[in-house]
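By convention here, the first residue in the shown sequence is residue 1. In each ligand, atom 1 is the first atom listed, and ligand 1 is the first ligand listed.
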Amino acid sequence: MAESVYSVRISLDSVTIHDDSDLIGAGELYFIGNIGGHTTGRSPTRSLDSGTTVSLTGAVWVRELQVAGSSSIPITFEVWDEDTFDDESLGRISVAVNPPWERHQYTTPASSGKFTLRWSVSNTVAVPSLPSISFVSRNYDGSSYVTTLVLPAMVPMVTFTEILGLNKPAVDDRPVRPSGTTKNSGFQAGYFSQDDKGRIFTNRLPSGAWAKDQQYIDITVQVVPLPPGTTLPGGVKVKWSFTDPDDPTNEPHNVHPDVGRLLDPNDYTGTTKTGANASDNNPRGKATATPHFDTADPAFPLSGDETPVEIASGKSKVRFQVSDVAGDNFIVRAEAVHASFLVTIPGETGTMTVWDRIEIEYVKMHSAHELPIALITSHYEMACAQVDVSDKRVVTGTANMAHMGATEGAAYTKCESYCTKPTAGGPGQFTHEGDGGWFFMVAARRFIPAATATILYEGSAEAQNDIVRLPTGTVLAAAPAVVRVFDSTKIAGMSPPLPNNRDLHIKFRVASRTGRDLRIATHDFHAVDNPDVSFLDAHLGTYGFAMGSSIRVQVLSAGDDALVTAGISPGGTSVGGRHYFGGKLLVFTDVTTGPEVLITLCHELCHAFDNAHKCGNWDWERKPSRTACCMNYWFQFVLDDSTPRRPMAWTQNRESPNMCGPHIVSIRDYHLEDNPGLGW
Ligand SMILES: [Zn+2]
Ligand SMILES: [Zn+2]
């Protein structure tokens with residue numbers, strides 16, 4: 001009945017480059033492999049000419065895998081040529097190894113013809129269903145290692161049967177799934193992160209319930225005596241250990257190298273990638289919990305690093321406490337130990353990663369447009385934060401309003417009271433207010449009633465740093481609220497009025513007016529951890545408009561086209577002069593439309609992790625035309641990397657829903673449970 005079980009060692013040995021795809025000089029090449037679903041990460045980049053052979057050395061290129069019966073092991077291998085804007089693929093090899101697991105070295109050419117991979121199957125341990133056959137640890141030809149024939153009575157194999165608190169992406173384990181709600185990962189029996197994507201949540205019990213400063217998994221293994229018919233000796237134990245594999249999030253070629261260095265600094269020396277190096281958890285020293293094993297069940301007390309095995313069932317259990325920095329990752333290994341064992345087949349989980357998880361209560365006013373809340377989570381994956389829409393309601397009657405108030409003051413007050421716990425006859429809608437892990441998002445229509453902005457002046461003006469000087473004798477029919485400044489190269493040949501197109505202009509709020517001089521509010525830029533003090537306040541001069549130079553402007557009166565409230569974050573608290581966000585947000589869907597809605601949602605959620613906005617950074621993605629971090633305002637320029645940082649002309653309106661490197665690492669390191677604004 002039982003199929004054979006094999007422990008197979010596969011190694012990727014060397015690669016020969018036939019075509020480095022570089023017309024001038026050597027290609028800047030790197031490799032990415034995958035053995036049985038486990039990525040090797042990206043190799044260091046090397047300057048390689050056609051005809052060169054490179055040995056692949058290091059633990060990442062070797063995998064020992066347990067396979068049952070006729071299962072096969074897939075292997076892939078890619079070669080990439082590193083380039084400034086994006087990398088070029090030199091091809092991909094995809095093969096599958098099948099039983100019998102003959103020791104052998106294989107040579108596989110890429111179909112592109114640009115390289116050849118040499119790889120090996122070796123050190124096979126086979127435990128057949130027939131008890132009379134002994135088994136052997138093998139090596140490929142030419143190895144100096146001596147093959148040993150072993151004749152044991154029994155070999156114990158450890159298998160992972162259940163890991164409570166480990167969540168598999170795309171598994172929704174809720175018994176009831178109300179429409180419009182999501183759960184982006186969940187428990188699955190038998191899952192031990194074979195795909196290296198398992199998530200362990202901070203501040204959650206294995207049940208999923210919020211529990212401050214609790215993050216652990218309860219692991220059950222079974223020690224199976226092989227071949228069938230044999231039994232475990234009394235006193236057998238399971239010995240537990242864990243390792244910290246490389247953080248793989250910086251490995252894909254579409255992650256910008258500047259961001260990669262922030263995510264996983266120990267993969268780099270200076271700006272050079274040196275490998276996909278292990279032992280990189282807690283990269284910035286922000287963890288407050290230390291990974292270790294604990295007793296999960298009094299029937300299986302942990303002593304040292306061992307737990308006893310229940311002989312009849314072969315079961316043992318342990319609790320694994322993880323650290324509390326998102327992105328930290330672990331592999332747990334379990335091996336049966338007893339003085340009589342000559343050979344064992346240990347079990348190993350895939351890579352399991354610490355994630356944050358937040359739940360959103362989503363209230364949609366009946367007459368407002370739907371918000372794409374379920375789309376937030378994909379943009380938070382880089383930060384290892386799962387965003388679930390756990391509760392959704394459509395509200396009508398007095399809870400469904402055309403605007404929050406007739407004046408700004410009245411609207412603020414209503415927004416505050418709307419985002420509180422419901423009381424009899426009261427305006428509150430946030431049923432989970434104060435519950436750990438819960439945020440509140442509302443689709444509303446408008447903050448205050450609509451108002452039309454008019455163009456008070458259009459034409460040339462003089463740039464004077466934070467002054468826009470209008471021509472002598474200019475008369476404005478109303479108070480100026482905003483000045484738009486246009487990109488002269490893009491408006492050449494266009495006649496007034498110039499269109500309200502964000503690709504063509506930036507804008508400044510008018511702070512005050514003296515005669516024909518409009519004093520503009522500067523554009524502030526902030527380090528992610530400093531919302532109170534800006535590191536740059538940019539005026540026209542900073543943006544590259546020389547003192548006294550002529551600029552094309554439009555001066556607008558107050559109204560929707562000049563300045564409009566797109567969203568608002570009520571609640572929160574101030575501690576020591578510092579504001580902390582309250583996990584509450586209203587988005588006004590009459591005025592925020594298209595891609596801007598998702599960008600606004602991602603922006604506001606990033607504030608909840610205690611981040612300042614207006615970072616001036618590109619987002620993490622590497623591509624020929626880069627996009628900006630969602631924390632920027634569309635009408636400000638992106639900054640370069642010089643010291644001090646300087647604005648890059650006409651890089652406005654490039655926001656994406658993604659974040660920049662500094663915002664991603666800030667979220668990974670942040671301890672949401674300690675945010676006083678949330679009151680969890
Ligand atoms: Zn903001
Ligand atoms: Zn940013």
Side-chain angles (χ1 to χ4, degrees), residues 249-250 255-256 258-263 284 326 376 379-385 412 415 419 439 441-442 447 507 509 521 523-538 563-572 574 578-588 591-592 596-623 626-641 645 647-648 651-670 675 677-678:
T249 55
N250 62 316
V255 176
H256 196 278
D258 293 348
V259 176
R261 286 200 299 279
L262 284 174
L263 298 179
R284 289 158 296 275
I376 298 173
H379 301 285
Y380 272 70
E381 283 184 5
M382 261 306 207
C384 300
Y412 273 118
C415 289
C419 299
F439 283 59
M441 289 192 179
V442 180
F447 186 55
K507 68 180 180 182
R509 202 167 52 75
H523 286 176
D524 53 332
F525 292 88
H526 294 262
V528 301
D529 62 351
N530 198 338
D532 303 307
V533 184
S534 50
F535 67 82
L536 174 66
D537 293 295
L563 278 175
V564 68
T565 304
I568 192 167
S569 302
S574 272
R578 167 102 194 246
H579 183 76
Y580 292 88
F581 182 97
K584 304 169 176 180
L585 167 70
L586 294 98
V587 175
F588 301 113
V591 299
T592 311
E596 200 188 346
V597 182
L598 182 59
I599 294 169
T600 303
L601 291 170
C602 290
H603 176 117
E604 296 300 335
L605 188 62
C606 188
H607 276 309
F609 285 85
D610 204 13
N611 285 296
H613 56 197
K614 307 187 204 174
C615 54
N617 298 330
W618 296 120
D619 66 20
W620 60 264
E621 216 179 335
R622 180 183 198 211
K623 48 193 174 185
R626 291 192 75 181
T627 46
C629 174
C630 66
M631 290 308 273
N632 292 297
Y633 280 12
W634 73 262
F635 49 82
Q636 300 195 172
F637 290 162
V638 175
L639 305 181
D640 69 13
D641 288 329
R645 300 182 67 191
M648 292 182 279
T651 50
Q652 85 285 6
N653 198 32
R654 300 275 287 269
E655 284 63 46
S656 82
N658 290 328
M659 287 172 284
C660 63
H663 274 122
I664 291 168
V665 298
S666 170
I667 289 179
R668 289 188 183 185
D669 286 346
Y670 193 63
N675 181 334
L678 298 169

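Between H613 and Y633, the ring centre distance stays below 6.0 Å.
Distance check for C630 against the Zn ion (ligand 2): none of its N/O/S atoms falls below 2.8 Å. Residue H613 counts as close to the Zn ion (ligand 1), with an N, O or S atom under 2.8 Å. Between the Zn ion (ligand 2) and C606 there is no N/O/S contact shorter than 2.8 Å.
Taking the side chain as every heavy atom from C-beta outward, I376 and M441 approach each other to under 4.5 Å.
For the Zn ion (ligand 2), the nearest N, O or S atom contributed by H663 is named ND1.
Although no hydrogens or angles enter the test, the distance criterion places a donor-acceptor pair under 3.5 Å between the side chain of N632 and the main chain of N617.
Between H607 atom NE2 and H603 atom NE2, the angle centred on the Zn ion (ligand 1) amounts to 100° (nearest 10°). Here the angle at the Zn ion (ligand 2) defined by SG in C660 and SG in C615 stands at 120°, rounded to 10 degrees.
Aromatic ring orientation, F447 versus F588: tilted (interplanar angle from 30° to 60°).
A salt bridge links D610 with R578: at least one charged nitrogen is closer than 4.0 Å to a carboxylate oxygen.
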